[in-house]
Protein chains: 2
Amino acid sequence: MNKSVLNNYFHSLFPIEKEIVVQITEKFTSFKLHKNTVLIDKNEISSKTYFLEEGYMRSYILNEDNEEVTTNIYVAPCFVNDFLSFFKQQPTREIYQTITACSFWETSLENVQSNFHNIPEFREFSRLLFVINYHKLKDRTIEMASQKAETRYLNLLEQNPNVFQHIPLKVIASYLGITDSSLSRIRKDIGKY
Amino acid sequence: MNKSVLNNYFHSLFPIEKEIVVQITEKFTSFKLHKNTVLIDKNEISSKTYFLEEGYMRSYILNEDNEEVTTNIYVAPCFVNDFLSFFKQQPTREIYQTITACSFWETSLENVQSNFHNIPEFREFSRLLFVINYHKLKDRTIEMASQKAETRYLNLLEQNPNVFQHIPLKVIASYLGITDSSLSRIRKDIGKY
DNA sequence: TTAATTTCTTGTCATTTGACAAGTGATCGT
DNA sequence: ACGATCACTTGTCAAATGACAAGAAATTAA
């Protein structure tokens, strides 16, 4: 039950006193999942927020043709949260699934609400987390709209090379918005890694 | 100085008492801009949050080749905010510009902070606004990754037909991630509108 | 270990989209 | 009202990517 990774994550994002972080993370509990295991399933109403301490996971949706489209890739340490489902308490369209074995911390919506309204520093932290996530997503969208697949691949390779050692290429391909064959060809044309 | 549109916007998103909304919007002031006018410029640190009461605007970035890439389209009534610049107080990469004549309400970061920490309902509202914006952006990203340009065009046409009456097609094209000639061809192939 | 399954690569061909250039019509500023 | 600029369309051709299928390589399960 060593919460140092979790606690340090707060400090890394935001200047905040140790005692307050301890107070915030007090009610987090830990658990582990094997690889290829669903954390939040489609149509579920998410009632927990998760911190991924170790491992790799992804979220994806099923399109009209029932093909998997990877919507996000998660590399520890980071929070994993279906914002819409969690905060609006409505069913999610996405499936959140581990790719490698993962260890988590979780806490309930009630605890988040209590912290959000009672601890000013937690409010600031939550908002910052939103801002950062929004910004990452926006960067990805801009990339999708303005760069070709090869550039997107090279950017991911530069920013997150370790992803390629743990996540299947077909998952990465759908995250990049291309087919696995196209990704394979792009990799052939470049010198791979 | 009629704040009814602004006040109603709060009620439309969130069940909240009239008195509290009045308290929140008390320190908002109004102003107008002509068409094609910059609201927030690149490299600026945004110190205001804006509510677009009437009009159409967009945000865009300049890519490596100095081409404009439209990052968002704003249709009144809605909040307009560079989250990253406003909440982290750092320079923005984006340019926010009116497309038609626009009328706004604005308030300062100090007021937002004060409301955020003193009015629980405002906190909930702010978070909901984030959730909604995040969700919209995510939908757009998924669309970019998984659907072809024609489908994206048809979706926009269905969800926001009025956009096509006020916003130049070349702006819409770059928002959809295609060139203006491609959009023109897509429109020719379909029966337009 | 072996068989089954999944992942990755590659081939062929079609489709989508971009690059560039030209022309037309609309809009803007003076 | 004028010329200048801008927005949109269209043509031609090239490049990027997808669809489908087959096979190799890796992983998984019994």
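Chain A is the first sequence line, chain B the second, and so forth, proteins listed ahead of strands; every chain is numbered from 1.
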Which whole-number value in Å describes the distance from [X] [atom1] to [N] [atom2]?
{"X": "A/His34", "N": "D/dT27", "atom1": "NE2", "atom2": "P", "result": "19 Å"}
{"X": "B/Met144", "N": "D/dG18", "atom1": "CE", "atom2": "C1'", "result": "18 Å"}
{"X": "A/Leu176", "N": "C/dC8", "atom1": "CG", "atom2": "P", "result": "13 Å"}
{"X": "A/Lys188", "N": "D/dA25", "atom1": "NZ", "atom2": "P", "result": "15 Å"}
{"X": "A/Asp189", "N": "C/dG11", "atom1": "CG", "atom2": "C1'", "result": "14 Å"}
{"X": "A/Gln165", "N": "D/dT27", "atom1": "CD", "atom2": "P", "result": "13 Å"}
{"X": "B/Asp180", "N": "D/dT9", "atom1": "CG", "atom2": "C1'", "result": "9 Å"}
{"X": "B/Leu169", "N": "D/dC6", "atom1": "CG", "atom2": "C1'", "result": "13 Å"}

*asked:* Could you check whether atom CD of A/Glu54 has more than 12 heavy atoms from other residues, nucleotides or ligands sitting under 6.0 Å from it?
replied: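 No.
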
*Sort out for me which residue in A/Trp105, A/Phe86, A/Tyr9 forms a ring pair (Phe, Tyr, Trp, His ring centres under 6.0 Å) with A/Phe79.*
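So the option named by the test is A/Tyr9.
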
*Between A/Arg140 and A/Glu143, is there a side-chain N and carboxylate O pair less than 4.0 Å apart?*
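Looking at A/Glu143 together with A/Arg140, the answer is no, because their closest N to O distance does not fall below 4.0 Å.
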
*Charged N-O contact under 4.0 Å between B/Lys3 and B/Glu26*: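 Salt bridge: no.
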
*asked:* Centre-to-centre under 6.0 Å for B/Phe125 and B/Phe10, is that the case here?
replied: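 Ring centres of B/Phe10 and B/Phe125 closer than 6.0 Å.
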
*For residues B/Phe83 and B/Phe130, establish whether the separation of their ring centroids is below 6.0 Å.*
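Centroid separation for B/Phe83 and B/Phe130: below 6.0 Å.
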
_Return a single string for nucleotides 14-30 of chain C, one symbol per nucleotide in 5' to 3' order, where B is base contact, S is sugar-phosphate-only contact and - is none, cutoff 4.0 angstrom on heavy atoms._
--SSSBB-------S--

